[in-house]
Number of protein chains: 2
Amino acid sequence: MGIGAEERLILEDYLRERGQKMTRPRETVLEAFLKLERHVTAEELFAAAQRLDPSIGQATVFRTIKLLADAGLAREACPDEGARRYEHSYKHEHHDHLVCLGCGAIVEFKDPAIERAQDAIYVKYGYRPSNHRLELEGYCPVCAKKKVGV
Amino acid sequence: MGIGAEERLILEDYLRERGQKMTRPRETVLEAFLKLERHVTAEELFAAAQRLDPSIGQATVFRTIKLLADAGLAREACPDEGARRYEHSYKHEHHDHLVCLGCGAIVEFKDPAIERAQDAIYVKYGYRPSNHRLELEGYCPVCAKKKVGV
DNA sequence: AAGAGTATGATAATCATTATCAATACGATT
DNA sequence: AATCGTATTGATAATGATTATCATACTCTT
């Protein structure tokens, strides 16, 4: 079974249910996406997909990454600025981010206490939970040392 | 004492410290911003500022809202898509957001348990805290009812 | 293999934001 | 109040990211 076979099936099912089609370009984008393990922009994904198939168009990449997000295979990360970024979603459990403002390093973490406290908030206001995003910003040990006294 | 006098002084101090000047357009933008109580885009702020002074330019609004953010009077909110949004920062304590995906309603809340758990994360990874952003998405009681079974 | 309908890639268009630049306003000093 | 050096302004062009358009090509079912 090739890499991404499972994800391919998910996408196929998702498309079929909506009368849409599985195509070669979509496969290519999916394959490129699965190989990239970090938060990627459409730009980066486009470059990676082109390496697999030089004839692929930029518009297709934009269209397909949105499909992947809808199908539950990708998930939007929330950048402070610049282009939208996506990360893996399927079999990549929800997590929060700790971002270094100095070097851009990203720690992914999950904290039961935070999750529990968030659930309590939903209950308190009577909201039905969907998803959430938590970004902690700060300076990693290395960068913090460089900026002592700032 | 006029509305926003305090904020005006903060901006003035901030500018003076950096050899920059307090000008009429900047006052106008500040005034417009202080009157708007919700998360605003530069676009909306521009419209509001134009009502106060039709001669004001769009570029000035973009420039000034960034100044306000640097001066601690405004703060960036993190939108899922579209234009950047700003909210009041001065005398508006840090808080998190609970957003309804149905009607767009926003509840602002602050939870000690969440704050504490976040601080623990910073410590655990040796990061120096800067700021953080938490957005809980879901459906408010009204919208949840409309979408039963979804 | 043919037909109906979706997808593609190239390009133009849009939206938010930033850069450019000549003209103007600020405010410290005289 | 007039002057001067510098920062700021508004209009416009430029940029970057994303979306719309559209004629052609591809998929899937028959």
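The chains referred to below are lettered A, B, ... by the order of the sequence lines, with proteins before strands, and numbering in each begins at 1.
D:dA7 atom P lies 15 Å from atom OH of B:Y14, rounded to whole Å. Note: CD1 (B:I65) to P (D:dT8) measures 17 Å, nearest angstrom. Rounded to an integer number of Å, the gap from B:E76 CD to C:dT17 P is 9 Å. Taking atom CD1 of residue B:I56 and atom P of nucleotide D:dT8, one finds them 14 Å apart after rounding to whole Å. Atom-to-atom, CD of B:Q20 to P of C:dG27 comes out at 12 Å; the value is rounded to the nearest Å. Protein atom CG of B:L11 is 13 Å distant from nucleotide atom C1' of D:dT8, rounded to whole Å. The interatomic distance linking A:D53 (CG) with D:dC26 (P) rounds to 12 Å, in whole Å. Atom CD in A:E27 sits roughly 14 Å away from atom P in C:dA7 (whole-Å rounding).
Salt-bridge formation is detected for the pair A:E137/B:R133: a Lys NZ or Arg NE/NH1/NH2 atom is positioned less than 4.0 Å from an Asp or Glu carboxylate oxygen. We find that A:E44 and A:R85 are joined by a salt bridge, their nearest charged nitrogen and carboxylate oxygen being less than 4.0 Å apart.
Of all nucleotides listed (C:dT17, D:dT19, D:dG10), D:dT19 comes nearest to the side chain of A:F62. When distances are taken from the side chain of B:A59 to each of C:dG27, D:dT8, D:dA11, the shortest belongs to D:dA11. Closest to the side chain of B:K21, from the set D:dG5, D:dG10, C:dG9, is D:dG5.
Sparse packing is recorded around NZ of A:K124, with 12 or fewer heavy atoms of other residues, nucleotides or ligands lying under 6.0 Å away.
Between A:R24 and D:dC26 there is no side-chain polar atom (N or O) within less than 4.0 angstrom of OP1 or OP2. Under 4.0 angstrom from either OP1 or OP2 of D:dT19 there lies at least one side-chain N or O belonging to A:K66.
Taking OG1 of B:T28 as the start and CD of B:Q50 as the end, the distance is 11.5 Å to the nearest 0.5 Å.
Residue contacts for A:T41: at a heavy-atom cut-off of 4.0 Å it reaches no nucleic acid atom on any strand shown.
Between B:P25 and B:R63, the residue anchored closer to the 5' end of DNA chain C is B:R63, taking for each the nucleotide with the nearest heavy atom. Ranked by how close their nearest DNA chain C nucleotide is to the 5' end, B:T23 and B:A42 are led by B:A42.
Taking the ring centroids of A:H88 and A:F33, they lie under the 6.0 Å cut-off.
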